[in-house]
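Have a look at the structure below, then the notes.
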Protein chains: 2
Amino acid sequence: MKKETENSIHKNDSKQLARFAKALGHPTRIAILKHLESQSCCFTGDLVEIFPLAQSTISQHLKELKNAGLIQGEVNPPKIKYCINKENWKTAKGLFQGFFE
Amino acid sequence: MKKETENSIHKNDSKQLARFAKALGHPTRIAILKHLESQSCCFTGDLVEIFPLAQSTISQHLKELKNAGLIQGEVNPPKIKYCINKENWKTAKGLFQGFFE
DNA sequence: TTTTCCAATCGTACTTTTACGATTGGAAAT
DNA sequence: ATTTCCAATCGTAAAAGTACGATTGGAAAA
């Protein structure tokens with residue numbers, strides 16, 4: 001059983017919140033997420049067409065969003081379909097809400 | 001008079017949201033803001049005592065938060081009192097709320 | 001099997017961020 | 001006038017972020 005002070009819980013929350021915030025800290029990633037919210041899902045190629053960025057750059061941004069847990073990809077050969085990770089999205093929403101009161 | 005398409009407004013929002021998110025994208029800055037929320041205001045020196053970081057590092061984080069518009073400092077010689085910038089805080093809150101729906 | 005297609009990864013260059021100690025600046029106190 | 005005090009800024013070093021073109025990998029199609 002894990003023993004945690006209230007303080008360390010807050011610290012963990014701060015870390016997690018910062019992690020999410022960092023992932024949101026680039027206009028392209030915000031735009032990608034907005035697109036995913038509106039479309040529910042999309043392929044990497046769709047984004048490459050929308051944004052004036054190289055395919056490798058888009059891929060890198062997707063990787064960061066995935067690492068932060070905000071999106072998830074499922075293979076749908078030969079394409080990969082990206083969606084919002086609803087669980088973590090909810091967590092992020094809650095953390096930001098709590099932060100701003 | 002400025003002519004803006006709905007699209008460009010959304011783009012601007014994305015940029016602003018990313019700017020705020022980037023400023024929130026570090027655990028120390030989250031912790032500073034949480035402290036300011038709870039204390040309403042504080043001095044740089046207070047933070048230097050709380051965080052295991054050099055005074056110059058704290059100062060840098062404060063600068064970033066100030067540049068992002070999330071805090072403001074008023075001189076109270078020889079100290080400087082930092083507070084949340086309530087207007088921009090509200091803006092940020094609104095942007096995040098809108099983003100997460 | 002070979003080709004085709006999509007996306008990840010590699011290698012690279014450049015910029016930005018994070019952290020530190022040292023120095024500077026400005027106002028109050030001596 | 002000098003000292004003291006707090007915080008900003010400078011200079012620097014190391015790490016992380018952003019972007020690109022080129023290459024690789026893996027699955028489907030030919």
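No hydrogens, no waters, no symmetry mates; every other heavy atom, side chains included, goes into these values. All chains are named by letter (A, B, ...) in the order of the sequence lines, taking the proteins before the strands, and each is independently numbered beginning at 1.
- Both A:H26 and A:Q55 lie near DNA chain D, and the one whose nearest nucleotide falls closer to the 5' end is A:H26.
- Between B:L24 atom CG and C:dT18 atom P the separation is 12 Å, expressed in whole Å.
- A:F51 comes within 4.0 angstrom of no nucleic acid atom, judged by non-hydrogen atoms across all strands.
- Look at CD on B:E64: it is 10 Å from C1' on C:dT16, rounded to the nearest Å.
- Within the nucleic acid shown, A:K66 has no heavy atom closer than 4.0 Å to any nucleic acid atom.
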**Criterion ring pair (Phe, Tyr, Trp, His ring centres under 6.0 Å) on A:W89 and A:F20, from CA distance to verdict** = CA-CA 9 Å; A:W89 189 263; A:F20 282 134; 9.0 Å; no
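- Rounded to whole Å, the distance from NZ on A:K63 to C1' on C:dT9 is 7 Å.
- Distances shorter than 4.0 Å separate none of the side-chain N or O atoms of B:T57 from OP1 or OP2 on C:dT18.
- Counting heavy atoms from C-beta outward, A:Q72 and A:K66 have side chains that stay 4.5 Å or more apart.
- Residue A:R19 comes nearest to A:A68 through the heavy atom pair NH2-CA, 3.9 Å, listed as atom of the first residue, atom of the second, then distance.
- In this structure, A:K81 and A:C42 have side chains that are not in contact, with every pair of non-hydrogen atoms separated by 4.5 Å or more.
- Residue A:S56 places none of its side-chain N or O atoms closer than 4.0 Å to OP1 or OP2 of D:dG21.
- At the phosphate of C:dT17, neither OP1 nor OP2 sits under 4.0 Å from any side-chain N or O atom of B:H61.
- Atoms CD1 (B:I80) and P (C:dG26) sit 12 Å apart, rounded to a whole Å.
- The separation between A:K79 atom NZ and C:dC5 atom P is 12 Å, rounded to whole Å.
- Side-chain contact between A:L47 and A:H35: present, with at least one pair of heavy atoms (C-beta onward) separated by less than 4.5 Å.
- For the pair A:L62/A:Y82, a side-chain contact is recorded, criterion being any heavy-atom separation below 4.5 Å from C-beta on.
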Note, DNA chain D 5' to 3' with Watson-Crick or G-U pairs under 3.5 Å encoded as ( ), [ ], | and . gives ||||||||||||||||||||||||||||||
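- Nucleic acid contact class of A:K81 (heavy atoms, under 4.0 Å, all strands): none.
- Taking the nucleotide of DNA chain C with the nearest heavy atom to each of A:V48 and B:K22, the more 5' of the two is matched to A:V48.
- What separates CD1 of B:I71 from C1' of D:dA7 is a distance of 13 Å, to the nearest Å.
- For the residue pair A:K79 and A:T44, no side-chain donor N or O sits within less than 3.5 Å of a side-chain acceptor on the partner.
- Nearest heavy-atom pair, B:N88 versus B:G69, reported as atom, atom and distance to 0.1 Å: ND2-O, 2.9 Å.
- Separating the CD1 atom of A:I58 from the P atom of D:dA19 is a distance of 9 Å, rounded to the nearest angstrom.
- Within the structure, a side-chain polar atom (N or O) of A:Y82 is placed less than 4.0 Å from OP1 or OP2 of C:dA8.
- Residue B:Q60 places a side-chain atom within donor-acceptor reach of the base of C:dA19, judged by atom type and a 3.5 Å distance cut-off alone.
- A:S59 comes within 4.0 angstrom of a base, heavy atoms only.
- Contact annotation for A:L53: backbone-only contact, meaning every heavy-atom pair under 4.0 Å involves sugar-phosphate atoms and none involves a base.
- Look at CD on B:Q72: it is 14 Å from P on D:dA8, rounded to the nearest Å.
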